[in-house]
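Report on the following structure.
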Amino acid sequence: MLDTDLFLAWTEGAARAVRLHRDRLTGLDAAIGDADHGTNLDRGFTEVGKALTEWPPTSPAQVLVSAGTTLIRRVGGASGPLYGSLFRQLGKSLDAPVTLAGFAAAFESGVQAVERLGKAAQGDKTMIDALAPAARALTQAVQEGADEHKAFERAARAAEEGAKATIPLRARKGRASYLGERSIGHEDPGAASAALIMAALAEAAA
């Protein structure tokens with residue numbers, strides 16, 4: 001079973017990863033966006049930590065819904081609503097007690113919420129290019145009987161590969177799409193941050 005402490009560790013790990021890579025994320029965004037992705041996410045996950053400290057959650061669902069709500073309220077640009085929707089939908093879709101299979105299904109639901117809100121699909125050069133492969137890898141790992149550590153590792157690896165695969169793509173959504181051919185050759189900042197967040201989940205499970 002996946003407990004509350006795991007999800008608290010995930011949000012804490014995501015905050016550390018975003019803070020550590022803030023300048024890289026902002027640099028990626030400077031090339032094809034508004035140059036604020038790392039700064040916005042760092043501020044958002046700092047606020048998530050404060051919210052979870054002030055109102056301690058008692059279940060995995062509460063951790064995720066609180067994180068999502070905070071990101072929506074506190075992060076500017078597109079990343080706040082998108083990541084907020086991911087975490088909120090993930091939390092709302094979890095059944096208690098939380099099994100690995102249940103989490104995989106809920107995570108897929110969260111990714112679908114991001115797809116609907118952003119009107120994006122894999123190949124559009126967005127965070128979906130990291131999140132969708134992660135969801136598929138997680139589901140496959142569960143079907144093959146992997147434990148939570150191995151399953152989350154596989155999801156994180158798929159997210160990282162998906163993020164790198166955005167480099168040769170032409171952006172079809174978001175501000176980067178305005179650049180046309182000039183968006184080619186740059187890693188999508190949303191996909192890069194999604195890979196960091198999935199890596200934080202694998203680390204928390206370890």
Side-chain angles (χ1 to χ4, degrees), residues 10 13-45 68 71 75-87 89-90 104 107-141 151-203:
W10 182 18
R16 285 194 302 272
V18 167
R19 188 170 304 116
L20 179 64
H21 294 271
R22 178 181 60 194
D23 292 345
R24 179 173 73 87
L25 293 174
T26 296
L28 291 174
D29 198 30
I32 59 174
D34 293 327
D36 60 1
H37 187 62
T39 304
N40 283 345
L41 272 191
D42 184 27
R43 183 174 64 251
F45 274 101
L71 290 171
V75 181
S79 58
L82 292 169
Y83 275 124
S85 295
L86 173 70
F87 282 103
Q89 184 61 39
L90 176 52
F107 185 74
E108 178 63 39
S109 178
V111 174
Q112 290 171 355
V114 176
E115 289 174 335
R116 288 193 298 271
L117 180 62
K119 297 180 174 60
Q122 191 170 349
D124 285 341
K125 200 181 182 90
T126 71
M127 63 175 65
I128 293 299
D129 287 289
L131 292 175
R136 289 195 300 272
L138 182 57
T139 296
Q140 183 175 358
F152 292 147
E153 274 192 339
R154 287 170 60 174
R157 189 162 55 249
E160 176 66 21
E161 292 170 355
K164 296 303 181 187
T166 64
I167 294 173
L169 297 179
R170 174 176 173 168
R172 295 199 291 257
K173 295 291 180 180
R175 187 173 181 85
S177 66
Y178 302 153
L179 298 177
E181 296 291 335
R182 287 180 293 159
S183 65
I184 295 172
H186 301 281
E187 183 177 359
D188 179 71
S193 62
L196 291 175
I197 290 169
M198 295 310 298
L201 177 57
E203 183 179 342

Next on the checklist: Is a donor from one side chain sitting under 3.5 angstrom from an acceptor on the other, for Q89 and S109?
Outcome noted: yes
Checklist entry - So F45 and F87, would you call those rings parallel, tilted or perpendicular, with 30° and 60° as cut-offs? => result perpendicular
Checklist outcome for this item: Residues H37 and G190: closest non-hydrogen pair is NE2-CA, 3.8 Å
Checklist entry - Within a strict 4.5 Å, meaning less than it, do heavy atoms of the R24 and L196 side chains meet? => result yes
Checklist entry - If you look at every heavy atom in S193 and Y83, which pair is closest and at what distance? => result OG-OH, 2.7 Å
Checklist outcome for this item: In this structure, CG of D129 is separated from CG of D188 (nearest 0.5 Å) by 7.0 Å
Item to check | Considering all heavy atoms, the nearest A163-A191 contact | outcome: CB-O, 3.5 Å
Next on the checklist: Consider side chain to side chain contact (heavy atoms under 4.5 Å, CB included). Of L25, D29, V75, T26, which one does T39 pass it with?
Outcome noted: T26
Next on the checklist: As a quick check of understanding, evaluate side-chain contact (heavy atoms from CB on, under 4.5 Å) for L86 and F107, giving each step before the final call.
Outcome noted: CA-CA 8 Å; L86 173 70; F107 185 74; 4.3 Å; yes
Checklist outcome for this item: Separation between CG (D124) and CD1 (I128), nearest 0.5 Å, reads 9.0 Å
Next on the checklist: Looking at every non-hydrogen atom in both residues, tell me the closest pair between S79 and N40 and how far apart they are.
Outcome noted: OG-CB, 4.5 Å
Next on the checklist: Could you check whether any side-chain N or O of W10 sits under 3.5 Å from a backbone N or O of I197, counting only pairs where one atom can act as donor and the other as acceptor?
Outcome noted: yes
Item to check | Minimum heavy-atom distance Q122-A132, with the two atoms named | outcome: OE1-CB, 3.7 Å
Next on the checklist: So, taking the atom named CE in M127 and the one named OG1 in T166, what distance separates them when rounded to the nearest 0.5 Å?
Outcome noted: 12.0 Å
Next on the checklist: Between S183 (side chain only) and G180 (backbone N and O only), is there a donor and an acceptor less than 3.5 Å apart?
Outcome noted: yes
Checklist entry - Can you name the closest pair of heavy atoms from K125 and H186 and give their distance? => result NZ-O, 2.6 Å
Next on the checklist: Strictly distance-based, threshold 3.5 Å: is any side-chain N or O of T126 a donor or acceptor partner for the main-chain N or O of A120?
Outcome noted: no
Checklist entry - Taking NZ, NE, NH1 and NH2 as the nitrogens, is one of them in R19 or D42 under 4.0 Å from a carboxylate oxygen of the other? => result yes
